[in-house]
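Data block below; observations after.
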Amino acid sequence: MPIWADPARGERVRLLADDDMTLLATFLSPPSSRPTAADLRAVPGTDLERFAAVAMRDMVGVRVTTRLDEAAALAAAGAVLHRTLVHMVRSRLQDDPPPLRWAAPHLPAGLEMVGVEAVEEEALAAAQRAAFGPAHPDHETSLEAQEAGLLHGLLAGEVLGPLYLDASAVVVDQAGAVMACVLATEWEGIGEEWKGGPWLAEVFTVGGAPLLLGRALLARAVSVCALDGHDVVGLAVSATNRARLLYERVGFHHAFYRVSLDVPGTWPQA
C-alpha cells in the first residue's frame, strides 16, 4: 500500500502515492478512535481525479479532513460528507487591539477563574462531556474526540502544539465544578492559510453556566494574545454551530474551510 510515514517529518506525517510511487498528497495521522487523515492536501500540480481515485482505493474506512477542492474531488468519487469546519481568525491584534478590560473579566458571585494546571484532567473531561451533550451540533464529533483521548493530547501539548497556559483558563464554582473552559495552544503553521500562532483549541461552557461566561473567557484569551505581542489568534467551529455568531462578535472572521468526509468501507482492508 503506497502510504508511508514521512522520514523527514516524523511518524504522524504521512505520504500518499500512486502505484508508480508518484507522490500525490500528504496528511497527518493524529490520535483517534478511528482511522483518521487530517489536513489531507494534494501536492501542487496533482490531478485531483487521480488523487481522489487513489485515496478512495487506499484509504478505505478512513475519515479525511481536507480543503475544498480536494473535498469536491473526493465527494465526486464517492466519499460521504461528515461536516464542514469554518476556521476563523481574529487578526491585527496590535493595530486594532481588543479592549483592555477583556483581560480581566468580571465573574458572577461564586465563580472563580483558575489556571488549567489547577484542575484535574478528569474534571475537565467530565465538563466537556456535559457541554457537548446529545443536543449539541458537535455531540458525535466530541464523543469521538473524547474516546480518542484528544483532551489528554491537548493538555500534554501533543495535539495542535504546546499548551498556551497564559491564554487558557477554567472557571469553577464554589464546589470546584468546572463551568467553562478555554484551552489555547501554540499551533505551528500549515501553509499560507495559517502561518502559526495561538489557537483556541477548545472553548465550552456547561449547561446552567451564567449567560456570557463563555464570551468572557473567549474575550480574555484574545486579549492575552494581544498583550503577549501576537498579531493573530484562531479557532475552528462547525459550520452548523451557532457559536460562530459569538466568535464574530468578538472580532473573528472566516479565514478558510476544512471538510471532513468518510471514505466508504472498513479499515483495515481485507
Side-chain angles (χ1 to χ4, degrees), residues 26-28 30 38-41 44 64-71 82-103 105 116 131-132 137-138 141-142 145 150-151 153-154 157-169 180-205 212-260:
T26 63
F27 64 92
L28 303 177
D39 199 33
L40 176 66
R41 55 176 64 207
V64 304
T65 302
T66 187
R67 301 177 296 187
L68 292 177
D69 288 346
E70 286 91 335
H82 172 61
R83 69 169 176 162
T84 300
L85 280 171
V86 182
H87 288 65
M88 308 179 73
V89 299
R90 172 68 151 83
S91 55
R92 300 179 58 243
L93 292 178
Q94 301 308 308
D95 296 336
D96 181 23
L100 192 58
R101 66 179 184 277
W102 285 8
V116 175
F132 293 94
D138 293 329
T141 302
S142 180
L150 210 59
L151 178 63
L154 281 172
E158 299 171 351
V159 180
L160 298 178
L163 202 63
Y164 184 3
L165 288 173
D166 287 346
S168 302
C181 175
V182 169
L183 294 181
T185 67
E186 299 181 51
W187 188 22
E188 66 182 8
I190 56 170
E192 287 300 312
E193 295 161 316
W194 179 253
K195 296 182 179 180
W199 192 261
L200 306 186
E202 192 69 80
V203 180
F204 66 78
T205 58
L212 301 182
L213 182 59
R215 184 190 188 284
L217 273 191
L218 180 70
R220 176 192 174 276
V222 170
S223 182
V224 169
C225 291
L227 291 170
D228 282 351
H230 297 287
D231 195 51
V232 65
V233 57
L235 53 78
V237 59
S238 292
T240 56
N241 191 340
R242 290 180 57 83
R244 285 187 301 133
L245 302 176
L246 165 62
Y247 302 148
E248 289 170 357
R249 287 194 288 271
V250 182
F252 286 84
H253 59 85
H254 294 188
F256 61 98
Y257 292 87
R258 285 291 184 268
V259 181
S260 293

Phe132 to Val203 - nearest heavy-atom pair and separation: CZ-O, 4.3 Å

Least distance between heavy atoms, Cys181 atom then Leu217 atom: N-CD1, 3.7 Å

Main-chain N/O of Val250 paired to Arg90 side chain as donor or acceptor, under 3.5 Å: yes

Closest approach of Ala169 to Arg220 (non-hydrogen atoms, all atoms of both residues): CB-NH1, 3.7 Å

Flag if over 12 foreign heavy atoms under 6.0 Å of CG, Leu245: yes

Glu202 and Leu150: CA distance, side-chain angles, deciding distance, side chain to side chain contact (heavy atoms under 4.5 Å, CB included) verdict: CA-CA 11 Å; Glu202 192 69 80; Leu150 210 59; over 6 Å; no

Separation between CH2 of Trp194 and CG of Asp39, rounded to the nearest 0.5 Å: 13.5 Å

Can I get a per-line list of side-chain donor-acceptor pairs under 3.5 Å for residues 224-234, giving both atom names and the distance, sequence neighbours left out?
{"residue": "Asp228", "atom": "OD2", "partner": "Tyr164", "partner atom": "OH", "Å": "2.5"}
{"residue": "Asp231", "atom": "OD1", "partner": "Leu93", "partner atom": "N", "Å": "3.3"}
{"residue": "Asp231", "atom": "OD1", "partner": "Gln94", "partner atom": "N", "Å": "3.3"}

Sub-4.5 Å side-chain heavy-atom contact between Tyr257 and Val86: yes

Exam field: side chain Ser260 to backbone Thr65, donor-acceptor pair closer than 3.5 Å: no

Whether Thr84 side chain and Ala239 backbone form a donor-acceptor pair below 3.5 Å: no

Sequence-distant partners of Asp69, side chain to side chain donor-acceptor pair (under 3.5 Å), two or more places apart: none

Results of side chain to side chain contact (heavy atoms under 4.5 Å, CB included) for Pro99 - residues two or more places apart only: Arg101, Trp102

Smallest separation among heavy atoms of Arg215 and Arg249, with atom names: NH2-O, 4.0 Å

Salt bridge (Lys or Arg N to Asp or Glu O under 4.0 Å): pairs with one or both residues in residues 183-200, sequence neighbours excluded: Arg41-Glu193, Glu192-Lys195, Glu193-Arg258

Aromatic ring pairing Phe256/His87, orientation class (parallel under 30°, perpendicular over 60°, tilted between): parallel

Those residues that, when tested against Asp138, pass salt bridge (Lys or Arg N to Asp or Glu O under 4.0 Å) (two or more places apart): Arg83

Side chain to side chain, Ser238 and Thr141, heavy atoms closer than 4.5 Å: no

Verdict with reasoning, Phe27 to Thr66, per side chain to side chain contact (heavy atoms under 4.5 Å, CB included): CA-CA 9 Å; Phe27 64 92; Thr66 187; over 6 Å; no

ring-ring contact (aromatic ring centres under 6.0 Å, His included) pairs, two or more places apart, involving residues 233-252: none

Among Leu200, Leu151, Leu165, the one residue meeting side-chain contact (heavy atoms from CB on, under 4.5 Å) with Leu183: Leu151

Minimum heavy-atom distance Ala221-Ala167, with the two atoms named: CB-O, 3.5 Å

Derivation of the side chain to side chain contact (heavy atoms under 4.5 Å, CB included) call for Leu40 and Glu70: CA-CA 8 Å; Leu40 176 66; Glu70 286 91 335; 5.9 Å; no

Under 3.5 Å: donor-acceptor pair, side chain of Thr185, backbone of Gly161: no

Where His253 and Ser91 come nearest, the two heavy atoms and their spacing: NE2-OG, 3.3 Å

